Structures are given as C-alpha cells and as structure tokens.
Undergrad: 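This is the structure I have questions about; it appears just below.
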Amino acid sequence: MRLLFNILAISGSAMFAGVMLTIGVTLGGYWKSLPAAEFLDWFSQNDRFILRAIPLVVVPTLIGLIGSIGLGWSEAGIRGLWIGAIACIAAVLVLTMAWFLPTNAQFATKSIPLDQVPARLDTWLMVHNVRILLATVASVLGILAVAR
C-alpha cells in the first residue's frame, strides 16, 4: 500500500506540474499574443477546459501525499520530506483558491477593464510559474523520501 501512495504522490505532483506547465507555456504564450478583448472572449468560452484538468491531478496527488505521510510518519527523515511535499501542494492550492479562481472568474465574465488585462495576465503567468515550481519541488521531495 505504501508503494501505491508513494507513486500517487510523486506522479500526481509531477502531473500537476506538467498540466500547469502546459497551461503556462502553450496557453500563456497564445493568450499574450491576443488583443485584450480577444483574450477575454477566448477565456470566457474555454476556461471550463482548464477547470476540468486540475481535479484529475489534484485528487491523486492529495490521496498519495496523505497516505505517504501517514505511512511514513514514524520515520523522521521521511516525514520531513513528505511534510515539505504536502506544504508545497497546499501552497499551490491556496494560490489557486485565493488568486486564480477569482482572477479566472474575472477573465471569464469579462469584468476586468480591457486596459488592465495585459498587466493582470502578466501577473497571472508570474504567479502561475510559482505554482509550477512548487508542484515540481513537491515531486522531487517525494522522490527523495522514497530514495531514503
């Protein structure tokens, strides 16, 4: 059972980083190429696809991390690594709830003034890069925990 949780934690975190990397690189680059009004049009028509991808990687990640930390709790070195991994994913989820959901809603409902869209999108992508980094670190910490 421990192996299954470890696999879910590591691969889930890595998939989470990969999904976010794809969104940031492919969609982010495309979004920046669009005039503000066209970006908002695109986002209002397509944001549901982004919303659907996240639970597919968050659920296995959380199951794996919770199981791995629970089964590795008695081993201090491993416990610290799993705690670090779950802290990274928790930070990603906090950023998602606090920044991305409200901002995405503003983009989708076109409730942001057009002159503010480029700066908001730049901030969106910058904070998104932090999420990618955090999910990647979570995966690496999981690998280190399993390697001990």
Side-chain angles (χ1 to χ4, degrees), residues 1-72 80-147:
M1 191 60 123
R2 185 179 197 156
L3 178 61
L4 176 62
F5 285 130
N6 291 168
I7 289 169
L8 285 174
I10 294 166
S11 63
S13 299
M15 286 187 301
F16 200 178
V19 165
M20 291 186 298
L21 182 63
T22 300
I23 290 168
V25 172
T26 48
L27 292 177
Y30 172 66
W31 294 339
K32 288 186 65 70
S33 75
L34 296 174
E38 288 181 36
F39 164 71
L40 293 178
D41 287 341
W42 184 97
F43 210 92
S44 70
Q45 294 171 13
N46 297 292
D47 73 315
R48 68 187 184 279
F49 298 117
I50 296 169
L51 289 173
R52 288 181 189 164
I54 301 302
L56 296 175
V57 292
V58 171
V59 172
T61 301
L62 292 175
I63 290 169
L65 286 170
I66 291 166
S68 293
I69 200 169
L71 293 174
L81 292 167
W82 286 123
I83 289 171
I86 205 162
C88 287
I89 296 300
V92 169
L93 295 176
V94 167
L95 285 171
T96 300
M97 299 298 181
W99 167 256
F100 289 93
L101 290 180
T103 303
N104 289 0
Q106 287 180 325
F107 288 155
T109 60
K110 303 178 188 181
S111 60
I112 182 171
L114 288 178
D115 64 332
Q116 293 178 17
V117 170
R120 182 70 61 89
L121 181 56
D122 286 342
T123 303
W124 193 102
L125 291 167
M126 182 186 63
V127 177
H128 187 70
N129 287 335
V130 172
R131 290 194 311 171
I132 295 166
L133 177 65
L134 287 167
T136 302
V137 169
S139 183
V140 170
L141 290 171
I143 291 168
L144 293 173
V146 169

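Just so you know, these numbers come straight off a predicted model, no measurement behind them.
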Undergrad: If you compare all heavy atoms of Gly84 against all heavy atoms of Leu141, which two are closest, and at what distance to 0.1 Å?
TA: C-CD1, 3.5 Å
Undergrad: Considering non-hydrogen atoms only, spot the tightest contact between Lys110 and Ser44 and give its length.
TA: CE-OG, 3.4 Å
Undergrad: To the nearest 0.5 Å, what is the distance between CZ on Arg131 and CD1 on Ile89?
TA: 10.5 Å
Undergrad: For Leu65 and Ala85, work out which heavy atoms get closest and say how close.
TA: CD2-CB, 3.7 Å
Undergrad: With a 4.5 Å limit on heavy-atom distance, are the side chains of Ile23 and Trp31 in contact?
TA: yes
Undergrad: Let's go through Ile54 and Phe16 carefully: what are the C-alpha distance in whole Å and the side-chain angles of both, what is the deciding distance for side-chain contact (heavy atoms from CB on, under 4.5 Å) to 0.1 Å, and is it a yes or a no?
TA: CA-CA 7 Å; Ile54 301 302; Phe16 200 178; 4.2 Å; yes
Undergrad: Return the minimal non-hydrogen interatomic distance between Pro55 and Pro60, and the atom names on each side.
TA: O-CD, 4.1 Å
Undergrad: With rounding to the nearest 0.5 Å, note down the distance linking CD1 in Ile7 to CG in Leu3.
TA: 4.0 Å
Undergrad: Checking side-chain contact (heavy atoms from CB on, under 4.5 Å) against Val58, which of Val92, Leu93, Val19, Ile63 comes through?
TA: Leu93
Undergrad: Can you name the salt bridge (Lys or Arg N to Asp or Glu O under 4.0 Å) partners of Asp47, sequence neighbours left out?
TA: none
Undergrad: Of the non-hydrogen atoms in Ala135 and Met20, which two are nearest, and what is the gap between them?
TA: CB-CE, 3.6 Å
Undergrad: Return yes if some donor-acceptor pair links the side-chain N/O of Thr103 with the main-chain N/O of Phe100 below 3.5 Å, else return no.
TA: no
Undergrad: Could you walk me through whether Val146 and Trp82 pass side-chain contact (heavy atoms from CB on, under 4.5 Å), step by step?
TA: CA-CA 10 Å; Val146 169; Trp82 286 123; 4.0 Å; yes
Undergrad: State, to 0.1 Å, how close Thr61 and Ser13 come at their nearest heavy-atom pair, and which atoms those are.
TA: OG1-N, 3.4 Å
Undergrad: Rounded to the nearest 0.5 Å, what's the gap from CG on Leu27 to CZ on Phe43? Could you check?
TA: 9.0 Å
Undergrad: Can you find a pair of side-chain heavy atoms, one from Asn104 and one from Trp124, that are under 4.5 Å apart?
TA: yes
Undergrad: To the nearest 0.5 Å, tell me how far Ser139 OG sits from Leu134 CG.
TA: 12.5 Å
Undergrad: How long is the span from the CG atom in Leu4 to the CE atom in Met1, to the nearest 0.5 Å?
TA: 6.0 Å
Undergrad: Can you tell me how far the CG atom of Leu121 sits from the CZ atom of Phe39, to the nearest 0.5 Å?
TA: 5.0 Å
